[in-house]
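What follows is a set of notes on a single structure, which appears directly below.
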Amino acid sequence: MIYLPDLIPTILGSVESERTVLKAVPFTDVKFTDKFWAPRIESNRTVTLPQCFHQCEITNRIRNFDVASGAVEGKFDGIYFNDSDVYKVIEGAAYTLLVHPDPELDKYLDDLIAKFAAAQQDDGYLNTYYTLVEPDKRWSNLPVMHELYCAGHLFEAAVAHYRATGKRNLLDIAIRFADYIDSVFGEDRMIGVAGHEEIELALVKLYEVTGEIRYLNLAKFFIDKKGLKGTEYNQDQLPVREQSEIVGHAVRAMYLYTGVADVAKYTGDQALMATMDRIWQDVTQKKMYVTGGIGPSGHNEGFTVPYDLPNESAYAETCAAIGMALWNYRLLLLHGQSKYADILEKVLYNGSISGISLDGDKFFYVNPLTSRGNHHRQPWYGCACCPTNVVRFIPQIPGYVYAATSDSIWVNLYVGSQTKVKLDSTEVEFAQETDYPWSGNVKMIVKPSKTAVFDVNMRMPGWCASAKVSINGQPIDAKHGDNSYIKINREWRSGDTITLDMQMPIQRIAANPRVKSDIGRVAIQRGPVVYCLEAMDNNDSVLDVALPRDAQLEATFKPDLLGGVTILNGNALRCKDVDWEDTLYQPVSDDEKISITAIPYYAWDNRDAGEMAVWLPEITALAEYKSAKVSASYVYGSLDAIYDSVIPKNSDDQSIPKFTWWSHKGTTEWISVTFKKPKRVSRVEVYWFDDTGHGECRVPESWEVQYLDGEEWRIVTGASKYGVEKDKFNQVTFDPIVTKSIRLVTKLQENVSSGILNLRV
Ligand SMILES: [Zn+2]
């Protein structure tokens with residue numbers, strides 16, 4: 001089997017012409033040669049993809065298809081939308097196959113597809129949850145259940161697989177299912193919409209590959225029927241054409257509007273276009289993090305009110321950021337305006353790739369902008385939407401770089417790459433050489449197959465205030481148009497070279513004053529990359545650091561750090577070691593002058609665990625005062641809960657932050673408290689966490705207090721009883737000691753864990 005792009009199967013039927021300003025140059029025609037994205041695409045292929053397939057196997061996501069077909073005995077296992085994860089990984093695999101032939105992977109996919117075919121019902125229906133658990137309840141709970149969502153991911157996988165291999169085995173399964181759905185839903189049939197959108201954009205993809213107009217019409221139907229009797233949670237509160245605000249579940253919103261953009265692309269529906277303008281302004285002007293993340297609340301996995309952008313509790317799901325990229329890319333093609341590429345780029349370099357570790361083997365579901373060191377990537381999640389979204393997103397990125405019209409080439413993103421673009425007048429080989437995003441210098445080599453007149457449009461990023469352009473070494477006066485693209489129209493000869501030199505200063509970003517969480521704070525950005533401070537580069541603590549306005553920062557590229565990153569160094573301030581224990585007022589003392597190092601936000605949590613912050617206060621009065629530093633042998637929950645002065649209502653108080661050692665059971669564990677300076681201690685009070693009845697934490701079997709004497713831990717003497725009672729502070733007194741640090745060494749009860757709601761020393 002040969003998978004050269006030239007042999008990509010032609011579409012099966014003709015489709016309406018696109019009403020877009022720009023046409024995409026597909027990712028199959030773009031080869032990345034850079035040091036930033038090319039290694040990520042490779043580790044997605046060699047690490048992330050096999051890991052996702054392995055997880056789909058060991059979590060029975062794939063076995064569910066065998067059970068549904070009767071090939072093996074058993075029951076449905078997992079969450080009701082788990083089929084979608086398998087489809088998403090196949091989609092990622094197909095993109096990979098298209099540019100990287102792999103007979104073994106090709107065969108593996110064929111085996112999986114045979115399982116789907118066997119599980120598909122006679123009428124075309126395919127959903128292992130309903131087939132195995134509620135066979136007579138199909139389509140009975142559209143708002144909550146994800147039948148149409150799973151179908152959509154099947155269609156996307158099928159289109160990708162067909163385009164990659166030319167084989168119809170998965171496409172035919174998708175077509176049978178789509179035809180069945182089309183026979184169920186319609187004006188004179190069942191009226192309903194997807195609770196979790198996805199099918200709308202997927203039906204348009206199926207239309208694009210088959211030319212079957214019914215699929216486009218069905219996508220339009222699912223959009224048109226929104227707002228009849230639904231809720232904000234799935235953007236069903238109003239007809240789409242009347243919507244003005246982004247609401248509800250963030251991933252659902254992004255998938256819906258991506259589908260809306262796709263339908264508008266073929267229908268030219270001006271009312272849909274106007275809706276997207278309003279929604280885009282609402283989200284980008286009031287509801288988006290500086291990282292491009294969206295959806296601040298874990299409560300609805302989505303949007304709340306304007307300017308509500310908390311940093312530590314930010315949800316900002318990886319999938320929502322990816323959805324933001326998918327949608328903005330489509331808007332870019334529809335309108336040819338750089339402002340959409342600005343958002344796409346912001347998401348690409350920040351809020352989306354923060355969702356995957358540098359090694360490609362661990363994922364974030366939520367992407368906070370502040371951490372106390374207790375938020376870490378995981379190899380997989382029970383609800384695995386984010387890992388399986390990353391694996392299909394990364395290989396598509398080459399497709400976002402270039403676009404074209406009949407007589408112009410558009411450079412939307414700056415990435416070292418090569419492509420070939422067919423214009424009316426000639427075919428053009430086009431290459432970029434650049435160290436972007438670390439440098440704003442881009443060299444572009446234009447090689448038309450014959451000398452011809454055409455336009456080259458280069459995007460002027462929103463972050464860039466000034467750029468110089470030269471052609472074959474000769475500076476030219478280049479200004480960007482209203483669309484923020486610099487247009488160069490001339491007769492191009494093979495080998496003509498454009499140099500674009502974008503100034504890339506370190507920028508301090510302020511938030512709209514209505515964003516309460518960011519008042520008095522700045523974020524640091526250089527080019528498209530947003531930075532953060534991480535504890536391990538900054539003397540183990542960053543939440544007590546302030547970045548005054550006059551602090552000088554300097555950028556340095558570090559090839560061996562975090563896969564090669566530009567770091568920022570500079571001066572800053574830290575709250576001085578002032579002791580506020582037992583003191584209400586005292587004279588102001590000078591701040592401590594310190595040096596700081598900032599790393600790209602996306603690269604955090606790839607080394608030792610610790611605090612992280614994107615938004616830095618400009619004065620230490622807004623930084624956190626820390627009376628002591630708390631550490632533990634192991635953390636589940638919040639370390640800060642231990643010393644936060646919040647008094648629990650009882651030992652099972654679920655309304656306040658808590659620290660636990662869960663899931664360690666029966667072990668000996670410790671927490672330590674290190675003071676700002678040596679302190680006289682003679683009493684410790686501890687409020688144990690115990691969630692008997694619904695959790696696995698109990699008061700411990702026993703505990704003792706130790707103190708640091710020089711380098712050695714010693715047990716306190718003359719101790720009273722070490723209490724393990726619930727719903728109260730257990731006080732122990734002992735012979736007074738003067739120490740910088742004490743610790744509680746705790747033996748957990750057999751088979752259970754333990755935790756602490758509060759500690760007083
Ligand atoms: Zn997700």
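Note that the coordinates shown come from a computational prediction; the quantities given were computed from them, not determined experimentally. Counting starts at 1 for both ligands and their atoms, in listed order.
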* Cation-pi, Phe363 ring and Arg377 (6.0 angstrom, 45 degrees) -> no
* Asked: Should the pair Arg40 and Phe36 be classed as cation-pi, given the thresholds of under 6.0 Å to the six-membered ring centre and 45° from the axis?
  -> yes
* **Working for ring-ring contact (aromatic ring centres under 6.0 Å, His included), residues Tyr129 and Phe81** => CA-CA 8 Å; Tyr129 170 82; Phe81 50 81; over 10 Å; no
* Distance below 2.8 Å from the Zn ion (ligand 1): protein N/O/S atoms -> Glu317 OE2, Cys319 SG, Cys385 SG, Cys386 SG
* Going by the angle between their ring planes, with limits at 30° and 60°, are His146 and Tyr80 parallel, tilted or perpendicular? -> perpendicular
* To do: Using a 4.5 Å cut-off on heavy atoms from C-beta on, say whether the side chain of Ile353 contacts that of Phe364.
  => no
* Asked: Does the gap between the ring centers of Tyr125 and Trp139 come in under 6.0 Å?
  -> yes
